[in-house]
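Have a look at the structure below before the remarks.
Sequential numbering from 1 along the given sequence is applied to the chain's residues. Just so you know, ligand 1 is whichever comes first in the structure, and atom 1 is the first atom listed for that ligand.
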Amino acid sequence: MAAPFPDDFLWGAATSAYQIEGSPLADGAGPSIWHRFAHTPGRVAGHDTGDLACDHYHRSLEDVALMAELGLSAYRFSLAWGRVLPEGRGAVNSRGLDFYERLVDALLEHGIQPMATLYHWDLPVALHERGGWLNPDSPHWFAEYAGTVFRALDDRVPLWITLNEPWVVTVPGYLDGQLAPGHRDLFEPPRVANHLLLAHAEAVAAYRALGRHRIGLAVNLEPQHPASPSPADLEAARRRDAFINRWFLDALVFGRYPEELADIFGPAWPEFSAESLAKIRCPGDFIGVNYYSRGLVRAAPEAPPLDAIRITPTDAELTAMDWEVYPEGLTETLLWLRDRYANPPLYITENGAAFDDPPPRDGLVEDPRRVAYLRAHIRAAATALEQGVDLRGYCVWSLLDNFEWAEGYSKRFGLYQVDPGDRTRRPKTSACFYREVIRSRGAAV
Ligand SMILES: OC[C@@H]1[C@@H](O)[C@H](O)[C@@H](O)c2nc(CNc3ccccc3)cn21
């Protein structure tokens with residue numbers, strides 16, 4: 001196919017600190033809520049923890065060499081807040097910052113653009129014990145952390161993401177309790193969400209003070225399709241669309257929450273002042289899009305507060321996460337962003353799939369289903385580009401098999417297999433495929 005991808009299009013891969021680094025308490029680092037959550041019996045499959053993960057903390061230069069072999073032009077990673085500020089505020093841990101400075105310098109030496117995420121779910125325990133994201137001071141804590149990191153790294157990091165998926169921090173974290181800190185409450189999520197948006201805005205303000213203009217937020221997006229044409233399912237899909245796709249982006253871009261949120265949360269939805277809404281209006285310089293699948297939705301009065309549930313289609317290909325392989329949904333999502341938010345600059349900051357990969361043979365792991373998934377989704381991105389979407393980059397989730405949160409190490413998204421024993425990295429055929437895509441600037445799909 002004709003390669004619609006421009007020469008300066010960024011081809012990347014993405015990871016996050018707690019999922020790959022290991023050594024969560026090394027060199028003065030303070031524990032995060034994910035360290036505590038993973039060590040709480042019953043929270044993570046197989047009693048897995050991030051204590052070792054991919055041992056990236058000791059293998060970062062080896063991993064940068066793998067990225068260079070792929071020909072990546074960008075690498076999205078996150079910083080562990082607790083490595084930089086062990087108590088979340090106050091004293092800086094220079095050995096923690098040194099790790100990230102060495103990583104950034106190695107990336108730059110290989111011509112790979114660092115894309116740094118400030119927060120990928122691993123809040124310092126010390127701040128959680130002060131109320132965490134429920135504390136109205138949490139936006140100020142985040143801005144202090146962001147400013148510390150900007151001062152250390154902004155001369156070398158061209159692209160910043162403040163928060164990864166504030167929806168996931170809010171809903172699995174505080175509403176259904178599937179992810180850290182594991183709260184199950186109806187009144188906490190709206191307040192946590194508002195504090196996260198204020199935190200994003202305060203970090204952007206700190207960044208703007210440096211005169212820079214390449215910062216954004218990464219959101220998980222999935223088109224919501226009704227399981228049937230019934231009015232109840234149509235209404236359920238609309239409600240779930242507001243709940244997942246529009247909650248944070250409408251706040252960020254328009255300075256208002258979708259009206260469905262007050263219906264969904266009822267008395268748990270606070271009255272937000274005009275002043276507070278004005279503060280959260282902070283679109284940044286781009287939107288990071290984490291896309292994996294769509295939602296097929298049916299009405300479910302038995303599932304408050306949404307009264308809608310995502311169902312797993314019986315006639316579709318599914319990944320190991322039971323997520324439908326639905327590449328058309330990526331094009332749909334990118335066009336929706338173009339039309340709803342006036343064609344903002346976009347990066348696909350995560351796209352990938354977990355499959356049960358076989359053991360390596362002659363040092364290579366055959367993963368044809370992941371190759372097919374990536375091929376289809378890169379094509380879907382190309383289709384959106386050809387329709388005028390301002391798409392500037394694509395990051396595969398993930399570079400390495402890693403700690404998949406509550407699923408532990410049982411679900412593997414990596415371009416490289418990580419040996420469960422000695423953590424040896426071995427390429428999958430999807431890595432070879434992606435290297436060819438990058439070399440051909442997208443023509444190989
Ligand atoms: O599950 C795969 C990745 C995960 O490893 C990343 O850390 C995270 O950024 C990520 N987000 C999604 C999509 N959204 C989502 C929705 C509900 C729960 C968890 C993730 C998938 N993934």
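- Contact annotation: for Gln178 versus ligand 1, there are no heavy atoms closer than 4.0 Å.
- The distance criterion of under 3.5 Å between nitrogen or oxygen atoms is met by Gln19 with respect to ligand 1.
- Polar contact check, Asn164 against ligand 1: a nitrogen or oxygen pair lies under 3.5 Å apart.
- Between Glu350 and ligand 1, an N or O atom pair is found at a separation short of 3.5 Å.
- Here atom 21 (C) of ligand 1 lies nearest to Tyr292 when heavy atoms of Trp121, Tyr292, Trp405 are compared.
- Counting non-hydrogen atoms of other residues, nucleotides and ligands closer than 6.0 Å to CD of Glu302 gives a total above 12.
- Here's the thing with Trp323: none of its N/O atoms is less than 3.5 angstrom from an N/O atom of ligand 1.
- With Leu196 as the partner, the side chain to side chain contact (heavy atoms under 4.5 Å, CB included) test is satisfied by one option alone out of Ile280, Leu163, Thr162, Leu217: Leu163.
- A salt bridge (charged side-chain N to carboxylate O under 4.0 Å, His left out) with Asp250 is found for exactly one of Arg281, Arg340, Arg256, namely Arg340.
- Tyr207 does not carry Arg214 over the face of its six-membered ring by the limits of under 6.0 Å from the centre and within 45° of the normal.
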In sequence, state the C-alpha distance, the side-chain angles, and the governing distance for Glu404 and Tyr409, and then conclude on side chain to side chain donor-acceptor pair (under 3.5 Å).
CA-CA 6 Å; Glu404 179 49 38; Tyr409 298 101; over 6 Å; no
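- One option in Leu221, Val168, Val219, Asp176 has a heavy atom closer to atom 16 (C) of ligand 1 than any other, and that option is Val168.
- Taking distance alone, with nitrogen or oxygen atoms compared against 3.5 Å, His120 approaches ligand 1 more closely than that limit.
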